[in-house]
Amino acid sequence: MGDMTVTTLEGRQQAVSHPVTDLSPRARRSPRRPRLWFEILLIAVSYWTYSLIRNAVPEQRSEALRNADWIWQLEQTLGIAFEKSVNHAVNSVTWLIVGMNYYYATLHFVVTLGVLVWLFRSHPGRYAATRMVLFSTTAVALAGYYLYPLAPPRLMNGEAFIDTVMVHETWGSMASGDLKNMSNQYAAMPSMHIGWSLWCGLTIFALTTVPWVRVLGLVYPAATLVVIVATANHFWLDAVGGVLCLAFGYAFARLWYGALPHHLPRRVPHPPRKAPTTPPGPPADGAAPDTVPAPPLPARPRTAPEQPAAEQPSPSV
């Protein structure tokens, strides 16, 4: 006869209460399946809001130029003030600088939207968390534009930086030429070209298994860094500000979902089907509910059935 385990009422209460008290972020905020119409609307409204707030920040020209002088002096102290040399060297190669002008004006949006579409189609379980990283990064950048107006190097006085869009008359930059009045000229810190491109690169590197695509993901933010400096749109330290904003975005998503985006499941699991409900009835064995059944009685040993006595012949008279 095997050992018998009896579950006490206290043990039953502990077993039931344990899942209820699990308040971990992963348990509270699981990814949901993204909806196409909602994502298109959200991205459109978010970018419109971002542009509206960015351009609504007062263009404090004098303060922005003072901050630019301070950044330039700090970089000289640190020994990293190479922006002017890169700007003049690349500007001497016409085809290269023209290509960088178009790179700066277009890929910032094209690649970011492309990565979002790829996530939506191939990694729906990680889409919402990765998108949250991007949105949180951008939100912090907006605060930076308001609190620390900064002129780009091309607008500094007396430093002979070359505005490559103006010199080569290329199309597309919202910060030079005829379109300059549509964009805040003094929102250079932090650089969202770096924040967004590094978000794209890290997302591709973490979620792709093809080696050359992973390498390309890391090359993209590195090339963007060269472009923003060569076109005199940003300092090196603007790129550092973009990296810090992205770090905040990842930390916020980690806190919200309980895991980094690439650690979440690739697919959103379907909700479990509900079992059909049956009306309550008495237990099959007739025992009262929530009671511990009594242990079975030991079986009695079987005995051979009694044989009837042999019939004796009656005495003859």
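Note: hydrogens, waters and symmetry copies are ignored here, and every other heavy atom, side chains too, is used.
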Least distance between heavy atoms, A232 atom then P153 atom: O-CD, 3.5 Å
Heavy-atom check, side chain of P190 versus side chain of Y145, under 4.5 Å: yes
Test side chain to side chain contact (heavy atoms under 4.5 Å, CB included) on L134 and L116; report intermediate values, then the result. CA-CA 10 Å; L134 181 66; L116 283 171; 4.2 Å; yes
If you take all heavy atoms of N233 and P152, which pair is closest and at what distance? O-CB, 3.3 Å
Is the ring pair W118/H123 parallel, tilted or perpendicular, if the boundaries are 30 and 60 degrees? perpendicular
Is there a chain of hydrophobic side chains (I, L, V, M, F, W, Y, each step under 4.5 Å between heavy atoms) that links W95 to V227? yes
T137 vs M192 side-chain heavy atoms within contact, under 4.5 Å: yes
Reported CG-to-OG distance for the pair L255 and S136, which is rounded to 0.5 angstrom: 10.5 Å
Interatomic spacing from NE2 in H168 to CE in M100 - rounded to 0.5 Å: 11.5 Å
Hey, mind stepping through L155 and Y186 against side chain to side chain contact (heavy atoms under 4.5 Å, CB included) and telling me if it holds? CA-CA 9 Å; L155 293 182; Y186 306 110; 3.9 Å; yes
D238 side chain reached by L150 side chain, heavy atoms, under 4.5 Å: yes
Same cluster or not: are V167 and V86 linked, directly or through other Ile, Leu, Val, Met, Phe, Trp or Tyr residues, by side-chain heavy atoms under 4.5 angstrom apart? no
Just do the side chain to side chain contact (heavy atoms under 4.5 Å, CB included) check on V133 and F252 with the steps written out, would you? CA-CA 7 Å; V133 174; F252 186 79; over 6 Å; no
Do the side chains of L107 and F109 join up, straight or via other hydrophobic residues, at under 4.5 Å, putting them in one cluster? yes
Which atom of I162 lies closest to which atom of N87, heavy atoms considered: N-OD1, 2.8 Å
Is R131 close to F120 at the side-chain level, that is, under 4.5 Å between some pair of heavy atoms? no
Any idea which heavy atoms bring N67 and P149 closest together, and the distance? ND2-O, 2.6 Å
Give, for atom CZ of R214 and atom CG of L202, the distance between the pair rounded to the nearest 0.5 Å. 11.0 Å
Do T130 and V115 have side chains that get closer than 4.5 Å, going by heavy atoms? no
Looking at E159, is its backbone amide N or carbonyl O close enough to the side chain of K84 to form a donor-acceptor pair, meaning the two atoms are under 3.5 Å apart? yes
Using the rule that Ile, Leu, Val, Met, Phe, Trp and Tyr join whenever any side-chain heavy atoms are under 4.5 Å apart, tell me whether V213 and F205 fall into a single cluster. no
What orientation do Y103 and Y220 show, parallel under 30°, tilted 30 to 60°, or perpendicular over 60°? tilted
Using a 4.5 Å cut-off on heavy atoms from C-beta on, say whether the side chain of Y148 contacts that of I71. yes
When hydrophobic residues are tied together by side-chain contacts of less than 4.5 Å, even through go-betweens, does L246 share a cluster with L113? yes
Student check: side-chain heavy atoms of I194 and L225 closer than 4.5 Å: yes
Side-chain donor-acceptor pair under 3.5 Å between T164 and N101, yes or no? yes
At their closest point, which heavy atom of M189 faces which heavy atom of L237, and how far apart are they? CE-O, 3.4 Å
Could you state the interatomic distance from OH (Y127) to OG (S122), rounded to the nearest 0.5 Å? 13.0 Å
H193 side chain to H108 backbone, donor-acceptor under 3.5 Å: no
R154 to F161 six-membered ring, cation-pi geometry met (6.0 Å, 45°): no
What are the two closest non-hydrogen atoms of A81 and Q76, and how far apart are they? CB-CG, 3.6 Å
Roughly how far, to the nearest 0.5 Å, is OH of Y250 from CG of L198? 7.0 Å
Take atom CD in E169; do more than 12 heavy atoms of anything else shown fall under 6.0 Å from it? no
Would you compute the distance between atom CD of E83 and atom OG of S85 and round it to the nearest 0.5 angstrom? 9.0 Å
Donor-acceptor pair, side chain of W236 and main chain of I80, under 3.5 angstrom: yes
Is the shortest side-chain heavy-atom distance between W212 and L216 below 4.5 Å? yes
Give the C-alpha distance, both sets of side-chain angles, the deciding distance and a yes or no for side chain to side chain contact (heavy atoms under 4.5 Å, CB included) between T112 and W199. CA-CA 8 Å; T112 304; W199 173 86; 4.0 Å; yes
Report, as yes or no, whether the 6.0 Å neighbourhood of atom CZ on R266 holds more than 12 heavy atoms from other residues, nucleotides or ligands. yes
